[in-house]
J.: 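Supplied in structure tokens, the structure appears directly below.
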Amino acid sequence: VQLQASGGGVVQAGGSLRLSCAASGRTFSSHNMGWFRQAPGKEREFVAAISWSRGMTFYADSVKGRFTISRDNAKNTVYLQMNSLKPEDTAVYYCVVDLRDRGLGTRQYDYWGQGTQVTVSS
């Protein structure tokens, strides 16, 4: 099973990026998915999650109103649209999968992608 994240890069403050995470090896259409991030010297931080059905979403306060998580079950892919980016959003972003339906507020996930770097310059 692989979670391949892409779409990271360098952007100026106020700009936008769209991250994608394509899953291979099995389908995750019946499982909640999400994104975490980790900045240098900081602990890993929850960013957003989306349910496997009905598209319910949950966000960290720090990104609410700026980031949007979505998914395409037919493509086994989850996305993170990031707008109004700030320097403090600089981090490696990881996509995750919850196999046990723990709820959107969980911080426990079973699969982690390899991460994609997002750098926001001021």
Side-chain angles (χ1 to χ4, degrees):
V1 174
Q2 279 193 324
L3 297 174
Q4 185 71 38
S6 61
V10 180
V11 64
Q12 287 191 333
S16 299
L17 282 174
R18 188 194 194 205
L19 305 184
S20 300
C21 178
S24 60
R26 63 172 290 175
T27 180
F28 292 119
S29 59
S30 297
H31 300 292
N32 297 344
M33 301 182 73
W35 291 91
F36 277 71
R37 67 187 181 186
Q38 187 165 23
K42 294 188 176 181
E43 292 191 354
R44 192 167 55 197
E45 175 189 21
F46 168 81
V47 176
I50 186 167
S51 65
W52 68 272
S53 68
R54 294 184 290 171
M56 291 187 293
T57 57
F58 184 68
Y59 297 94
D61 287 343
S62 58
V63 307
K64 203 174 295 182
R66 300 188 297 121
F67 290 11
T68 302
I69 188 172
S70 61
R71 65 189 296 167
D72 184 335
N73 286 338
K75 295 182 178 179
N76 221 19
T77 299
V78 64
Y79 305 96
L80 186 69
Q81 177 66 44
M82 304 185 296
N83 299 329
S84 302
L85 282 161
K86 305 175 181 180
E88 51 264 42
D89 295 318
T90 296
V92 177
Y93 284 71
Y94 301 90
C95 58
V96 293
V97 178
D98 172 17
L99 296 180
R100 303 190 181 186
D101 195 18
R102 298 175 177 96
L104 295 184
T106 187
R107 299 297 184 264
Q108 297 183 36
Y109 286 84
D110 303 288
Y111 285 116
W112 293 74
Q114 89 289 0
T116 185
Q117 176 71 48
V118 171
T119 302
V120 184
S121 61
S122 56

J.: Assigning hydrophobic clusters by single linkage (Ile, Leu, Val, Met, Phe, Trp, Tyr; side-chain heavy-atom cutoff under 4.5 Å), is Tyr59 placed with Val96?
T.: no

J.: Determine the minimum heavy-atom distance between Val47 and Val63, stating which atoms define it.
T.: O-CG2, 3.6 Å

J.: Measure the spacing between OH of Tyr93 and OG of Ser6 and express it to the nearest 0.5 Å.
T.: 15.0 Å

J.: Mind checking whether Met33 and Leu19 sit in one hydrophobic cluster, side chains of I, L, V, M, F, W, Y counted as touching below 4.5 Å?
T.: yes

J.: Measuring from Arg18:CZ to Tyr79:OH, what's the distance to the nearest 0.5 Å?
T.: 5.5 Å

J.: Is there a path of hydrophobic side-chain contacts, each under 4.5 Å between heavy atoms of I, L, V, M, F, W or Y residues, that connects Trp112 with Val118?
T.: no

J.: Do the charged groups of Arg102 and Asp110 touch, with an N to O distance under 4.0 Å?
T.: yes

J.: Does a side-chain heavy-atom distance below 4.5 Å link Val97 with Leu3?
T.: yes

J.: For the pair Asp101 and Asn32, evaluate side-chain contact (heavy atoms from CB on, under 4.5 Å) and give the outcome as yes or no after the intermediate values.
T.: CA-CA 7 Å; Asp101 195 18; Asn32 297 344; 3.6 Å; yes

J.: Take Asp98 and Thr106 through the test side-chain contact (heavy atoms from CB on, under 4.5 Å) and record every step on the way to the result.
T.: CA-CA 9 Å; Asp98 172 17; Thr106 187; 4.1 Å; yes

J.: Under 6.0 Å between ring centres: does that hold for Trp52 and Phe28?
T.: no

J.: What pair of heavy atoms forms the shortest contact from Thr116 to Gly7, and how long is it?
T.: OG1-N, 4.2 Å

J.: Under a single-linkage definition using a 4.5 Å side-chain heavy-atom cutoff for Ile, Leu, Val, Met, Phe, Trp and Tyr, are Met82 and Val92 assigned to the same hydrophobic cluster?
T.: no

J.: According to a hydrophobic-cluster definition based on side-chain heavy atoms being under 4.5 Å apart (Ile, Leu, Val, Met, Phe, Trp, Tyr only), do Met56 and Val78 belong together?
T.: no

J.: Between Leu104 and Ser51, is there a side-chain heavy-atom distance shorter than 4.5 Å?
T.: yes

J.: Assess the residue pair Lys86 and Asp89 against the criterion (salt bridge (Lys or Arg N to Asp or Glu O under 4.0 Å)); give the C-alpha distance rounded to whole Å, side-chain angles, the decisive distance to 0.1 Å, and a yes or no.
T.: CA-CA 5 Å; Lys86 305 175 181 180; Asp89 295 318; over 6 Å; no

J.: How close do Ala48 and Leu80 get, counting heavy atoms only, and between which atoms?
T.: CB-CD1, 4.3 Å

J.: Could you report the tightest heavy-atom contact between Gly115 and Ala5, atom names first, then the distance?
T.: C-CB, 4.4 Å

J.: Nearest 0.5 Å, what's the SG-OH distance between Cys95 and Tyr111?
T.: 13.0 Å

J.: Does the plane of the ring in Phe46 sit parallel, tilted or perpendicular to the ring in Phe58? Use 30° and 60° as the thresholds.
T.: tilted

J.: Between atom SG of Cys21 and atom CD of Gln4, what is the distance when rounded to the nearest 0.5 Å?
T.: 8.0 Å

J.: Quick check: are there more than 12 heavy atoms from other residues, nucleotides or ligands sitting under 6.0 Å from CD of Gln117?
T.: yes

J.: Could you tell me whether the side chain of Ser70 reaches within less than 4.5 Å of the side chain of Gln81, counting heavy atoms only?
T.: no

J.: Around atom CZ of Arg26, are there more than 12 heavy atoms from other residues, nucleotides or ligands closer than 6.0 Å?
T.: yes

J.: Parallel under 30°, tilted from 30 to 60°, perpendicular over 60°: which one fits the rings of Phe36 and Tyr109?
T.: perpendicular

J.: Could you measure the distance from the OG atom of Ser29 to the CG atom of Asn76? Nearest 0.5 Å is fine.
T.: 6.5 Å

J.: Determine, for Tyr94 and Arg44, whether the Lys NZ or Arg CZ falls below 6.0 Å from the six-membered ring centre while staying within 45 degrees of the axis.
T.: no

J.: So, taking the atom named CD in Gln12 and the one named OG in Ser121, what distance separates them when rounded to the nearest 0.5 Å?
T.: 5.0 Å

J.: Quick check against the 3.5 Å criterion: does Asp72 have a side-chain atom that pairs as donor or acceptor with the backbone of Lys75?
T.: yes

J.: Any side-chain heavy-atom pair from Phe67 and Asn83 closer than 4.5 angstrom?
T.: no

J.: Show the numbers, then the answer: is there a side-chain contact (heavy atoms from CB on, under 4.5 Å) between Arg37 and Ser62?
T.: CA-CA 12 Å; Arg37 67 187 181 186; Ser62 58; 3.5 Å; yes

